Amino acid sequence: MDGMNEEFKKDPKGFLQKRVIMESMKMGAHPPVGKLVDFDLKLRVSDGTGVEIIDFNTREKQGAVNDTRISAYWLPWKVGGAPSLRLSDTGVSYFFTSQVAGCQIRIVPATGSEKGPLVMHIDGGLADRDGKAKEGMGDAAFARSRALTRSGPDGYGENADGVNVVGFRNSTGAWEIWAQSTDQMEMTVQGLRQLL
């Protein structure tokens, strides 16, 4: 639309280092877990640096067949829930989730016959490290998992106004998942940390 999709696809890590990604309210009811969605990254006119992620089909200008779009996995947040999905080997190269506020993102790296990492977006009320976040996975998977919360006293959190979690396949085809810490008032990236 305004070159943001191409800029992101060319260098996702570099993009995340300089541009704050905001989830657009235009997305309305979030797509179902695990659904592949076509997204558009739209530069925010109000500040000139922030980028809204919107459902490609809801953008103001209707897309043509050849328009650059970002086909990606989408993992929404759910009140009282822990939606999860496995980033499998389907030819899709990108992953986005709702912004992390009081929730926890838990990533279980793939092993053996698993085709990709398992990612969970866990409601903050369920996200105690040894409690309900453990449900749905065995002890071995829980032990090798990595977690991120927006803030947390035990050293695995992020202290920022907002945290965006974005994944992409690197040049070898392996998934990389990154956490972008942001200052929402200044629309600046405070840090970027690799989770997987």
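Since we're looking at a predicted model, the values are computed, not measured. All residue numbers in this chain count up from 1 along the given sequence. Every heavy atom of this structure was used, including side-chain atoms; hydrogens, water molecules and symmetry mates were not.
The heavy-atom pair separating Met187 from Gly50 by the smallest distance is CE-CA, 3.4 Å. Nearest approach of Trp175 to Leu87, heavy atoms of both residues: NE1-O, 3.5 Å. When all heavy atoms of Ile21 and Asn164 are compared, the closest pair comes out as O-ND2, 2.8 Å. Residues Ala179 and Leu148 come closest through the heavy atom pair CB-CD1, 3.7 Å. Here the closest non-hydrogen pair linking Pro109 and Ser145 is CD-CA, 4.3 Å. Taking every heavy atom of both residues into account, Val92 and Ser71 meet most closely at CG1-O, 3.5 Å.
In this structure, the separation between CG on Leu196 and CZ on Phe95 is 10.5 Å, given to the nearest 0.5 Å. Taken to the nearest 0.5 Å, the NZ atom of Lys18 stands 13.5 Å off from the NZ atom of Lys13. For the atom pair Thr182 OG1 and Gln99 CD, the distance stands at 5.5 Å (nearest 0.5 Å). Between the OG atom in Ser98 and the CD1 atom in Ile53 there is a gap of 9.5 Å [rounded to 0.5 Å]. How far CE of Met120 is from CG of Leu85: 10.5 Å, rounded to the nearest 0.5 Å. The distance from atom CD of Gln17 to atom CG of Asp11, rounded to the nearest 0.5 Å, is 7.5 Å.
At least one side-chain heavy atom of Ile105 sits under 4.5 Å from a side-chain heavy atom of Val119. Here the side chains of Phe15 and Val51 are in contact, with some heavy-atom distance below 4.5 Å. Leu41 places none of its side-chain heavy atoms less than 4.5 Å from the side chain of Glu7. Looking at Ile70 and Phe96, their side chains come closer than 4.5 Å, going by heavy atoms from C-beta outward. Proximity of Val166 to Gln180: side-chain heavy atoms (C-beta onward) are nowhere separated by under 4.5 Å.
The ring pair (Phe, Tyr, Trp, His ring centres under 6.0 Å) test applied to Tyr94 returns Phe8, not counting sequence neighbours. By the salt bridge (Lys or Arg N to Asp or Glu O under 4.0 Å) test, Arg146 pairs with no residue at all, sequence neighbours left out. Shown here are the salt bridge (Lys or Arg N to Asp or Glu O under 4.0 Å) partners of Lys9, two or more places apart in sequence or in another chain: there are none.
At distances below 3.5 Å, not a single donor-acceptor pair connects side-chain atoms of Glu114 with backbone N or O atoms of Gly116. Distance alone, capped at 3.5 Å, places no donor-acceptor pair between the Arg144 side chain and the Val108 backbone. Between the side chain of Ser93 and the main chain of Arg169, no donor-acceptor pair closer than 3.5 Å is present.
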_Between Val165 and Ile177, does the side-chain contact (heavy atoms from CB on, under 4.5 Å) criterion hold? Intermediate values first, please._
CA-CA 7 Å; Val165 176; Ile177 300 177; 3.5 Å; yes
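One side chain, Trp178 or Glu176, offers a donor N or O that lies under 3.5 Å from an acceptor on the other.
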